[in-house]
Engineer: 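Below: one structure in structure tokens.
All chains are named by letter (A, B, ...) in the order of the sequence lines, taking the proteins before the strands, and each is independently numbered beginning at 1.
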2 protein chains.
Amino acid sequence: MELILAVKRLSALAQPARLSVFRFLVKAGPQGAAAGDIARALEITPNTLSAQLNVLANAGLAISRRDGRSIIYTADYDSMSQLLVYLMEDCCQGRPEICSPLADVAARAACCDRPQGALS
Amino acid sequence: MELILAVKRLSALAQPARLSVFRFLVKAGPQGAAAGDIARALEITPNTLSAQLNVLANAGLAISRRDGRSIIYTADYDSMSQLLVYLMEDCCQGRPEICSPLADVAARAACCDRPQGALS
DNA sequence: TTATTAATTCCATAAATTTGGAATTATGGA
DNA sequence: TCCATAATTCCAAATTTATGGAATTAATAA
């Protein structure tokens with residue numbers, strides 16, 4: 001990942017309404033949520049939300065598809081993990097004592113591969 | 001972590017110069033780097049850098065200490081991992097197929113606990 | 001004390017972002 | 001076709017952010 005792309009994604013997330021929207025999408029999972037439902041749930045006017053969704057989509061953090069009159073948005077998990085990897089890069093230098101907090105992050109992310117709550 | 005604090009930290013990282021500085025500090029490790037050295041390395045004027053470092057420090061992502069005439073900055077690994085955890089929260093829902101890319105992130109972060117390059 | 005180096009704060013300009021009202025486009029039902 | 005709903009785009013005002021020149025504070029050496 002390039003610096004500029006990382007900045008674009010971080011900028012997209014660095015705004016209260018947009019971070020709320022992104023987390024809403026993350027929680028919504030692969031089936032996503034319609035723009036109107038997001039607007040109602042988070043109490044954002046439709047035109048403002050549209051602008052915000054556009055920023056997220058442009059940064060590659062959200063994906064849209066039409067379903068009838070609605071447009072459904074989903075979070076892009078791939079892009080998010082690219083960004084996380086970029087932020088973590090070169091943090092360890094092979095020295096566990098430097099960034100042990102990040103090992104905890106890893107343990108939490110590992111929820112997908114293990115029974116819930118089992119931190120190794 | 002609160003939404004507003006997460007936004008503050010994301011905003012601090014969402015700027016090319018500051019993201020460069022943060023990554024520079026991450027790579028510098030616990031001994032950190034003097035403001036002047038950062039300015040020279042990244043070719044940022046001292047007063048502008050000072051403002052940027054202030055934003056990072058205010059967001060809790062950098063810590064400063066004086067050493068003689070110099071002020072040494074270090075990355076705060078704890079704050080960074082808090083932020084990463086916040087971004088990952090509720091992404092898995094116990095369904096591995098949803099966020100398998102995040103499992104890869106976990107594997108990389110796990111470099112601290114394993115021989116380099118050994119992704120399980 | 002005086003000079004030098006390191007870093008910061010002050011300040012003003014330039015640039016970018018956020019927001020919502022109004023108008024517009026797209027879909028589906030009567 | 002005509003109407004209602006869903007979402008978007010356009011636009012302009014208000015706010016926020018970034019930048020660097022100049023002055024200031026802090027530490028050390030002569």
Engineer: Where do Ala17(A) and Ile44(A) come nearest, in terms of heavy atoms and distance?
Structural biologist: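 Of all heavy-atom pairs spanning Ala17(A) and Ile44(A), the closest is CB-CD1, 4.1 Å.
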Engineer: Can you run down the side chain to side chain donor-acceptor pair (under 3.5 Å) pairs that involve residues 4-13 of chain B, sequence neighbours left out, and say none if there aren't any?
Structural biologist: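 Passing the test, one end in residues 4-13 of chain B: Arg9(B)-Gln82(B).
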Engineer: What pair of heavy atoms forms the shortest contact from Phe22(B) to Leu56(B), and how long is it?
Structural biologist: N-CD1, 4.3 Å
Engineer: Contacts to DNA chain D from residues 38-47 of chain B, heavy-atom cutoff under 4.0 Å, which residues?
Structural biologist: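 Contacts with DNA chain D under 4.0 Å: Thr45(B), Asn47(B).
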Engineer: Taking all non-hydrogen atoms of both residues into account, name the closest pair between Leu3(A) and Ser20(B) and its distance.
Structural biologist: CD1-OG, 3.7 Å
Engineer: Would you give the length of the straight line joining atom CD1 of Ile38(B) to atom CG of Leu25(B), rounded to the nearest 0.5 angstrom?
Structural biologist: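 Between atom CD1 of Ile38(B) and atom CG of Leu25(B) there are 4.5 Å.
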Engineer: For dA30(C), what is the paired nucleotide under Watson-Crick or G-U wobble rules, both distances under 3.5 Å?
Structural biologist: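 Checking every strand shown, dA30(C) finds its partner in dT1(D), with both distances under 3.5 Å.
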Engineer: Which distance, rounded to the nearest 0.5 Å, do you find between the CD of Glu89(A) and the CG of Leu84(A)?
Structural biologist: 11.5 Å
Engineer: Could you check which residues of residues 49-58 of chain B get a heavy atom under 4.0 Å from DNA chain C? Sort them by number, please.
Structural biologist: Ser50(B)
Engineer: So where does chain B start and stop touching DNA chain D, 5' to 3', when the test is distance under 4.0 Å to a non-hydrogen atom?
Structural biologist: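 Contact span on the strand: dA18(D) to dA29(D).
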Engineer: Which heavy atom of Tyr86(B) sits nearest to which heavy atom of Leu19(A), and what is that distance?
Structural biologist: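 Scanning both residues completely, I find the closest heavy atoms to be CE2-CD2, 3.8 Å.
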Engineer: With rounding to the nearest 0.5 Å, note down the distance linking CG in Leu5(B) to CG in Leu10(B).
Structural biologist: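 Those atoms lie 9.5 Å apart.
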Engineer: With sequence neighbours left out, what residues match Arg40(A) under salt bridge (charged side-chain N to carboxylate O under 4.0 Å, His left out)?
Structural biologist: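 With neighbours one apart ignored, the set is Asp37(A).
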Engineer: Between atom CG of Leu42(B) and atom OG1 of Thr48(B), what is the distance when rounded to the nearest 0.5 Å?
Structural biologist: 12.5 Å
Engineer: Mind listing the residues from residues 60-70 of chain B sitting with a heavy atom below 4.0 Å of DNA chain D? Number order is fine.
Structural biologist: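 Those residues are Arg66(B), Gly68(B), Arg69(B).
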Engineer: Looking only at heavy atoms, what is the nearest atom pair of Thr74(A) and Gly29(A), with distance?
Structural biologist: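 So the two residues come closest at CG2-O, 4.2 Å.
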Engineer: Of the non-hydrogen atoms in Ile71(A) and Arg66(A), which two are nearest, and what is the gap between them?
Structural biologist: CD1-NH2, 3.9 Å
